[in-house]
Protein chains: 2
Amino acid sequence: MTPKPIAGAPATEGATPEKHPEPSSRRPNRRQLILDEAAKLFKQKGFGGTSMRDLAREVGMEAASMYNHIKSKDEILDLICTRIAHTYISQLADIEQTEASYADKVKALIRLHIRLMIEDGPAVSVANHDWKYLPEPQLTQFKEARKNYEKGFARLIEQGIAAGEFQPINVSVALFTILSAVRWVELWYRPGRELSAEELEDHIITMLLTGLAK
Amino acid sequence: MTPKPIAGAPATEGATPEKHPEPSSRRPNRRQLILDEAAKLFKQKGFGGTSMRDLAREVGMEAASMYNHIKSKDEILDLICTRIAHTYISQLADIEQTEASYADKVKALIRLHIRLMIEDGPAVSVANHDWKYLPEPQLTQFKEARKNYEKGFARLIEQGIAAGEFQPINVSVALFTILSAVRWVELWYRPGRELSAEELEDHIITMLLTGLAK
DNA sequence: TTACTTCAAACGAATGTTTGTTAGTATTTG
DNA sequence: CAAATACTAACAAACATTCGTTTGAAGTAA
C-alpha cells in the first residue's frame, strides 16, 4: 500500500498562494501557531494543567492577545480534536475503497496510525487523552466519530476473518490491541532513535500480525 | 476569637447533613475511603480536573475535613501511584523467581496486568495517566520504578528469544506492544461484559503471542 | 480614515489549603 | 465511680493564588 501524504498537517505554513497579486494579507498565521503550541503544551502538561498564560508565553504574546485569534480555550481543544478525528475518518474511507486484501488494509491502517503519531504527534496525543474535556456539544460528536471509526476498523478485521486471512480471534480484542499498541509510539519514538519510522512500522506490524511466540 | 452564633440556621441547606456520628461500634476507614474515591474521580476527570471539593462531596464531608486524614492533594496522588508501583514490582519479582518457561512468565505478567486493571482499575488508571503530576521528589522516584519494571520485563523477553521460545523480534517493540495492549482493558472492560476476566486474558494472550494473521 | 493587533489591568469564579471552633469520644485522674 | 482532660473528626469561613476571559486604550499598517 502506498501511504499517502496526510492532509491537514500541523501547518506552520500559511497556505495563502502569495506571489504578488495580493500582498495585503502578509500574515504570520498566528492562529495556527497558537494551535500548534497548544497541542504541544496539552500533550506535555494536560489540558487542565496548561493555563492560557503558559500558552501565551510559548506563543510569544500576552494571554489577552490570543483572544483576537481564538474564541476560547475550549475552542482550541475542539479544533485540535476535530482535525485529528477528520483525518482518521477520511483516511479510513480511502483505505476501505482500495482493492487490496484485508491484511493489507489493516496494515495500511496501522501504518497510518504510526505515521500520524510521528508527524502530528502532539495533536494526536491531545485527541487521545484530552478529548474528555471537550465541552458538551462537541464531546458527544467526538465520541460518535471515534465510535464510527472503530466500527469501520472492526469491520475490516471481521471481513478479514471471514475471508480466511485472519485467525478467528475476538474482533474487539484484536481491534483494541492494535489501536493501543500504536499509542506507545507517542511516548517512545524520538526522531533520533535507532529505528526509523518505517522500520518501526514494520516491527509493530510483525508483532501484531505474527505474534511473539515461535 | 469571636464565637459564632450557630444556633439554628443550617445555612442554606435543606438537606440535613445527618449530624450524629454513629456509635463507636462502626469505624469506617475514612482515609482509605478518600483514597478510593479520589482514584475514581481522578480516573474520570483527571487529577487537575478534580477539585478537593468534588472529592469531598463524593466522600461525604467538607473539603476542609479531609485534611484531618490526608496531608495534601499531592499526597493522595502519591499514595495511589506508589501503591500501584510497588504492586507491579513485587509481582514481577515473584514471577521472575519461578521455574516456568519464559513464555509462561510473560503470560503470567500479561495476566497480572489485566487482573490488576480489573480488580483495582481506578488506581491503575491513575498510575498510568496522572503520575506526571506528582511533585518532584516522588516524580523521579516513580519514573525510576517504572523504568526498572520495564527493564525486568524486557529481560524476560530477551531471555525468551535467546532460549528460542520467541521470535527474534525487536525487544522494545514487543515490550511496549504488550504493555499498551493491556491498557485498553481499562477503557473497555465492564463487569457485565460478554467476556469474563479469564476469557479476556486468554484472548489477549493469544493475540499477542500468535498474532492476528493466519 | 479603517481595520487589525497588542497589552496592561481588572473581573468574578474557582482552586488548594489554613484557621478557629465545636461536638463528640477516649483516656486519665481524683 | 465521676470529673477533668486530651484527642479526633467535623465544620464554616476565610486565605492567597490562579484561572479563563473582558475591557479599553494605544499602536500599526493599508
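Order of the sequence lines fixes the chain letters, A, B, ..., with proteins taken first and strands second; residue numbering starts at 1 for each chain.
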Without decimals, in angstroms, what is the distance between [X] [atom1] and [N] [atom2]?
X     : N      : atom1 : atom2 : value
A/R53 : C/dC11 : CZ    : C1'   : 11 Å
B/R57 : D/dC11 : CZ    : C1'   : 17 Å
A/K73 : C/dA14 : NZ    : P     : 15 Å
A/Y67 : C/dC11 : OH    : P     : 17 Å
B/I70 : C/dG16 : CD1   : P     : 11 Å
A/L55 : D/dC19 : CG    : C1'   : 14 Å
B/M61 : C/dT22 : CE    : P     : 21 Å
B/D54 : C/dT17 : CG    : P     : 14 Å

Side chain of [X] only, please: which of [options] is the nearest?
X     : options                : result
B/E62 : C/dA8, D/dC11, D/dC19  : D/dC11
A/A64 : C/dA9, D/dC19, C/dT17  : C/dA9
B/S65 : D/dC11, D/dT21, C/dG16 : D/dC11
B/N68 : C/dT17, D/dA9, D/dT21  : D/dA9

Do the ring planes of A/H113 and A/F153 sit parallel (below 30°), tilted (30 to 60°) or perpendicular (above 60°)?
tilted

Between the side chains of [X] and [Y], does any donor sit under 3.5 Å from an acceptor?
X      : Y      : value
B/E144 : B/N148 : no
A/T87  : A/Q91  : no
B/T50  : B/D54  : no

CE/B/M52 to OG/B/S72 distance, rounded to the nearest 0.5 angstrom?
7.5 Å

Enter the distance from A/I84:CD1 to A/M117:CE here, rounded to the nearest 0.5 Å.
9.5 Å

Within residues 39-51 of chain B, find the residues that approach DNA chain C with a heavy atom at under 4.0 Å, and present them sorted by residue number.
B/T50, B/S51

Less than 4.0 angstrom between a side-chain N/O of A/H69 and OP1 or OP2 of C/dC4, yes or no?
no

Tell me whether B/K73 forms a cation-pi arrangement with B/F47, defined as NZ or CZ under 6.0 Å from the six-membered ring centre and within 45 degrees of its axis.
yes

